[in-house]
J.: 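Starting off with a structure, shown below.
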2 protein chains.
Amino acid sequence: MSQVRNILFIMCDQLRWDYLSCYGHPRLQTPNIDALAARGVRFTRAYVQSPVCGASRMSFYTGRYVHSHGATWNGVPLKVGEMTLGDYLRPLGVQAALVGKTHMRADTEGMERLGIDPDSIIGVRVSECGFDPYERDDGLHAEGPSGRYDPRIPRYNQYLNDKGYAGDNPWHDWANAAEGEGNALSSGWAMRHARKPARVAEEDSETPYMTRRAMDFMAEAGDRPWCLHLSYIKPHWPYIAPAPYNTMYAATDALPLVRSEEERRDPHPVYRAFMNLRVASAFSRDEVRAEVIPVYMGLIKQIDDQLGQLFQFMGQRGLLENTLIAFTSDHGDYLGDHWMGEKDLFHEPSVRVPLIIADPSSCADKARGSTCDELVEAIDLVPTFLETIGGAPQQQSHRLEGRSLVPLLHGEQPADWRQFTFSEYDYSILPVSAALSIEPSRAHLFMVADKRWKYVHAVGFRPMLYDLQSDPHEFRDLGADPAFEAERERLADALAQWALRVSQRTALSDAQMIARRGKSQARGILIGVWDESEVPTELWSRYLGSTE
Amino acid sequence: MSQVRNILFIMCDQLRWDYLSCYGHPRLQTPNIDALAARGVRFTRAYVQSPVCGASRMSFYTGRYVHSHGATWNGVPLKVGEMTLGDYLRPLGVQAALVGKTHMRADTEGMERLGIDPDSIIGVRVSECGFDPYERDDGLHAEGPSGRYDPRIPRYNQYLNDKGYAGDNPWHDWANAAEGEGNALSSGWAMRHARKPARVAEEDSETPYMTRRAMDFMAEAGDRPWCLHLSYIKPHWPYIAPAPYNTMYAATDALPLVRSEEERRDPHPVYRAFMNLRVASAFSRDEVRAEVIPVYMGLIKQIDDQLGQLFQFMGQRGLLENTLIAFTSDHGDYLGDHWMGEKDLFHEPSVRVPLIIADPSSCADKARGSTCDELVEAIDLVPTFLETIGGAPQQQSHRLEGRSLVPLLHGEQPADWRQFTFSEYDYSILPVSAALSIEPSRAHLFMVADKRWKYVHAVGFRPMLYDLQSDPHEFRDLGADPAFEAERERLADALAQWALRVSQRTALSDAQMIARRGKSQARGILIGVWDESEVPTELWSRYLGSTE
């Protein structure tokens, strides 16, 4: 019996799996996240369903593959009707609340077609991935000649104004810019300024602000069970940090660069196109990495410090005993590895994420502080949370495509755990697809990986293949090597089986399908009956055979 | 420029493609349907997306594969949010109205979750495949110990009562039963009564009633453009017809039986399980076919006669000049072929349907009376109707998976017409799946066929394969024959490509994806920028670089 009442679902944005000390980073000490790992299970092979914010998050929040929910990239609306974490938890009396980012784009056209008022409670939830927005802030408040990137003005801007940080957009001018010369700013958007201190005081920067908002929520929630999604924008770009985090690390503290000239020799056309992007070129330069990675590390360190404060706050209120805490990220960051910047493709620095879950219940005692090497996926979190608070995710298998991690959290080893993990990427919204002359519906990549092999199906091109055992750094693309035809066939077959899965029969569960078997006869539907003697007499006498 | 203003979308239920004289039936003369074919194009290779009413119809009405819309069998709700024919036509000023059957089950749970009142206009349309129900009648009003099969009492019952046909359920007791002995009925549910005359007068039977309701609708509609779905339940079971249609044909008028002992020698396990069903055993008996098929033919003849009256009515009102008429069926009927009854599997008598479309516009003149042998699908109708009334289905390609038939109707021959057709079948709701020990999510069959080969992927079993060229009757399953490995691989690959298609990104069109390419920079999102000089000066001076 679980004594867990609440769930704290912490997400960072663009946090690589290996930039935490508990995951082996030698220079970046993250003692508070490490302590969480010591209280729970640390997953070493956790994968996101798409290495881009919006698509990945919609999988985290729906428990469904991108191929199923269809929000394939940032800004693609999650279509109305898709069920989200909040929809699963609410009937069990648990409120799902949001502090921070979701990258959700509402399906306003679908809502209008269905007559859903966006300002109604249902409308707000449909627009916010099923969360009640305690503090919604997608974390990117840029502006340019075409207008604001995110039309919603964040409450954080008002906070900064109230604290004396002037201007229309203090998010940019203070939290994401450093002092320049004269009346000029050194904007965080230009990476050469990365190591300059942001203009805000540390406590007024985004990570501490959101952490305090999480505390506010917990203090207000009282005894009502909750699931709080605390979703930091950091260490996502703009890469800029307040003092002292901006200078806490040096270029030499970064993990060794993982790239090889072999990768640039006749690369796969899609990989080549991504290597040609501005951000890839930038991160291929030593001076860029030297300026950015130390700040990336500082931003992570700040998150760890803030989580220390949050966990202390929760401990003082007894919340650590009844709250399951999950810590993860929506995707990684190449940081120059593989001649790439950002995310987008399926190398481990991009598609693999940290995942730590601490279950305070006694059932989890024997697994505390352990690691789990099974393949786990972002879509596993919704069923995990649901089971944790007493729901039955297996009854939702017609909707939820992930699998509850609860057995793994309790130190059990299910014999039938998944053999493959899947991720995808829709690049139709990127100019890359035009450069490759690929029409939008075909600008799609699919990854299928087992513990050793990683296969990428690139619609319209040859596949890619990596052997993580003989080539752990993923330098050698075996996608065209005749010697590996059998491996490619095996993985292509696994991908095909996955693609053929029944994912859209979401309105009736497996149990409901089974319960309906053979039931129509009792409602008078007689198929293939020749003579009355073939069915129960009662049917004829009472329903079908009499003129009485 | 099309002069078409209205669409008449006629559907029969369970009408085999080859039981019409225009499709070559030697004994069943259907002059009115033949005349329609003479005014339009007759498609010789039209396939449904699933050989079962509900799933097939949801594909007809959404323009999407079953794998995409998820209403995989009768009674599986079409999930709220799926767009239907009416949603596409309404913005163009065309009302979509229903007379007859849809087999739609509303997603009441989804509607409740989204706060959609089922009695509101939107709620009614969401519950009725997007149609305004002028006369909704799913055509099966059986009752048994567990209650009514369809909880909605049809208006038709009231009509019959008003005409003096007494009882709670005159649909059964009069329209679908013959006189028995004493106060007993000879119910149409027992096939041995098939050739007895139904107790209603011919003009009060279902087909003429629905035809008159279609006329009522047209008369009331006036000058407002409409799309009327006239959807007959017949020649679907209960196989019983009013005089004189019950005795119009003899057993010798049936098409020759198509079956072979070869089919029963070591059949595919799924095929074997279906051959073991009561309905298959029944139709394997001569006496059953001899009793049923003549009535099946009579019911078709009655439809043809009624369509004659309808077309005359339309002609008198000038409606034949401005109405595109489509005639088809939701699936076929084995009628004992292949040792099967009913539908369910993918032999031609089950999955292939008649499809005739008459476009009155002058652009279609050169194709009038022709046949088209291209592979066409049920999902092609929504885009065809949309284009016909001036819409742009290609702009809906992120939702509509079919392809407009308008070029074919106009006698054009697109060079890139589809090479494959796809159909599927979810048997998880059938006891067959328990007999085969297949869990619900895997109880699924997929057909992929080109003009020569038909391949069936049966999850959990070996595939089936038929060569329609050397074996037009589909007697030899080559699914396990080593000589055809290459064909199987080719078709399995086509199926895999199909399964991997992006079908759920329905909230943004391809054009919208393209329009967004490279647009974030103009909203201030600068990715991979090192130095201000890399982007337009204006961005810095006006938005990012100044404290002014």
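Predicted model, so just to flag it, every value in this text is computed and none were measured. In the text below, chain A, chain B and the rest are named by the order of the sequence lines, each starting its count at 1.
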J.: Looking at Ile525(A), Leu114(A), Val80(A), which one has more heavy-atom pairs under 4.5 Å with chain B than the rest?
T.: Ile525(A)
J.: His398(B) versus chain A, heavy atoms under 4.5 Å apart: side chain, backbone, both or neither?
T.: neither
J.: Taking the side chain from Arg516(A) and the backbone from Ile429(B), do they hold a donor-acceptor pair closer than 3.5 Å?
T.: no
J.: Measuring heavy-atom distances to chain B, does His69(A) have an atom under 4.5 Å in its side chain, in its backbone, in both, or in neither?
T.: backbone
J.: Asp426(A) vs Arg505(B), test: side chain to side chain contact (heavy atoms under 4.5 Å, CB included). Steps then yes/no.
T.: CA-CA 10 Å; Asp426(A) 176 357; Arg505(B) 199 243 300 140; 3.8 Å; yes
J.: Assess whether atom CD of Glu112(A) is packed by more than 12 heavy atoms of other residues, nucleotides or ligands within 6.0 Å.
T.: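 No, the 6.0 Å shell around CD holds no more than 12 heavy atoms from other groups.
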J.: Closest heavy-atom contact between Leu508(B) and Pro77(A)?
T.: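 So the minimum-distance heavy-atom pair works out to CG-CD, 3.7 Å.
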J.: Among His67(B), Glu534(B), Glu109(B), who wins on heavy-atom pairs under 4.5 Å with chain A?
T.: His67(B)
J.: Among Asp510(B), Ile122(B), Val126(B), Leu500(B), which residue forms the greatest number of heavy-atom pairs with chain A at distances under 4.5 Å?
T.: Leu500(B)
J.: Measure distances from Val76(B) to the heavy atoms of chain A and classify the residue's part below 4.5 Å as side chain, backbone, both or neither.
T.: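 Contact with chain A involves both backbone and side-chain atoms of Val76(B).
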J.: If you count heavy-atom pairs within less than 4.5 Å of chain A, which of Glu424(B), Met83(B), Arg125(B) leads?
T.: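 Going by pairs under 4.5 Å, I would pick Met83(B).
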J.: Given a strict heavy-atom distance threshold of 4.5 Å, which part of Ser68(B) is in contact with chain A: side chain, backbone, both, or neither?
T.: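 It is the backbone, since no side chain atom gets that close.
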J.: Find the one option among Gly180(B), Ala190(B), Gly188(B), Ala515(B) whose heavy-atom pairs under 4.5 Å with chain A are most numerous.
T.: Ala190(B)
J.: When heavy-atom pairs shorter than 4.5 Å are enumerated against chain B, which of Met111(A), Arg399(A), His141(A) gives the highest number?
T.: Arg399(A)
J.: Start with the C-alpha gap between Gln504(B) and Lys79(A), add the side-chain angles, then the distance that decides, and say whether side chain to side chain contact (heavy atoms under 4.5 Å, CB included) holds.
T.: CA-CA 9 Å; Gln504(B) 300 302 322; Lys79(A) 55 177 183 277; 3.0 Å; yes
J.: Determine whether more than 12 heavy atoms belonging to other residues, nucleotides or ligands lie under 6.0 Å from atom CG of Asp117(B).
T.: yes
J.: Answer with side chain, backbone, both or neither: which region of Glu538(B) has an atom nearer than 4.5 Å to a non-hydrogen atom of chain A?
T.: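 The side chain, not the backbone.
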J.: By a 4.5 Å heavy-atom criterion (distance strictly below it), what part of Trp498(A) contacts chain B: side chain, backbone, both, or neither?
T.: side chain
J.: Going by atom types only, do Gln497(A) and Arg442(B) share a side-chain donor-acceptor pair under 3.5 Å?
T.: no
J.: Looking only at heavy atoms, what is the nearest atom pair of Leu539(A) and Pro145(B), with distance?
T.: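 Leu539(A) and Pro145(B) have their closest heavy atoms at CD2-CD, 3.6 Å.
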J.: Among Ser120(A), Ser433(A), Ser509(A), which has the most heavy-atom pairs under 4.5 Å with chain B?
T.: Ser433(A)
J.: Applying salt bridge (charged side-chain N to carboxylate O under 4.0 Å, His left out), which residue pairs with at least one partner in residues 64-76 of chain A are found, sequence neighbours left out?
T.: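 Those involving residues 64-76 of chain A are Arg64(A)-Glu82(A).
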J.: Would you say the side chains of Arg517(B) and Ser428(A) form a donor-acceptor pair under 3.5 Å?
T.: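 The answer is no; no qualifying pair exists.
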J.: At a heavy-atom separation under 4.5 Å, does Arg148(A) approach chain B through its side chain, its backbone, both, or neither?
T.: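 When you check distances to chain B, only backbone atoms of Arg148(A) fall under 4.5 Å.
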J.: I need the residue from Pro431(A), Gly147(A), Ala434(A), Ser146(A) with the largest number of non-hydrogen atom pairs under 4.5 Å to chain B.
T.: Ser146(A)
J.: What part of Val535(B) gets within 4.5 angstrom of chain A, counting heavy atoms only: side chain, backbone, both, or neither?
T.: side chain
J.: Is it the case that the side chain of Arg278(B) and the backbone of Ile527(A) share a donor-acceptor pair, with hydrogens and angles ignored and the cut-off at 3.5 Å?
T.: yes
J.: List the steps, then state whether side chain to side chain contact (heavy atoms under 4.5 Å, CB included) holds for Met513(B) with Thr72(A).
T.: CA-CA 11 Å; Met513(B) 296 298 275; Thr72(A) 58; 4.1 Å; yes
J.: Please classify the contact between Tyr149(B) and chain A as side chain, backbone, both or neither, with a heavy-atom cut-off of under 4.5 Å.
T.: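 Tyr149(B) touches chain A through backbone and side-chain heavy atoms alike.
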J.: For atom CG of Asp168(A), decide whether the heavy atoms of other residues, nucleotides or ligands shown that lie under 6.0 angstrom number more than 12.
T.: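 Open.
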J.: Taking salt bridge (charged side-chain N to carboxylate O under 4.0 Å, His left out) as the definition, give me every residue that meets it alongside Arg105(B), ordered by chain and number, with sequence neighbours left out.
T.: none
J.: Heavy atoms only, distances under 4.5 angstrom: which of Gly70(B), Ser503(B), Ala511(B) has the most pairs with chain A? Name it, please.
T.: Gly70(B)
J.: Let me know if Trp237(A) has heavy atoms under 4.5 Å from chain B in its side chain, its backbone, both or neither.
T.: side chain
J.: Check whether Glu342(A) gets within reach of chain B through its side chain, its backbone, both or neither, counting any heavy atom under 4.5 Å.
T.: side chain
J.: Does the pair Arg113(A) and Asp87(B) meet the rule for a side chain to side chain contact (heavy atoms under 4.5 Å, CB included), with working shown?
T.: CA-CA 8 Å; Arg113(A) 196 168 63 241; Asp87(B) 296 316; 4.1 Å; yes
J.: Using non-hydrogen atoms only, which part of Ala280(B) is less than 4.5 Å away from chain A: side chain, backbone, both, or neither?
T.: neither
J.: Measure distances from Ile116(A) to the heavy atoms of chain B and classify the residue's part below 4.5 Å as side chain, backbone, both or neither.
T.: side chain
J.: Is chain B contacted by the side chain of Gln512(A), its backbone, both, or neither, given a heavy-atom distance below 4.5 Å?
T.: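 No part of Gln512(A) comes within 4.5 Å of chain B.
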J.: Return yes if some donor-acceptor pair links the side-chain N/O of Arg192(A) with the main-chain N/O of Asp531(B) below 3.5 Å, else return no.
T.: no
J.: Check each atom of Arg90(B) against the heavy atoms of chain A and say whether the ones under 4.5 Å are side chain, backbone, both or neither.
T.: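 Answer is neither: Arg90(B) stays 4.5 Å or more from chain A.
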J.: Go through Ala142(B), Ala496(B), Ala492(B) and name the one with the most non-hydrogen pairs under 4.5 angstrom from chain A.
T.: Ala142(B)
J.: With a 4.5 angstrom heavy-atom cut-off, could you sort out which part of Leu140(A) is near chain B: side chain, backbone, both or neither?
T.: side chain
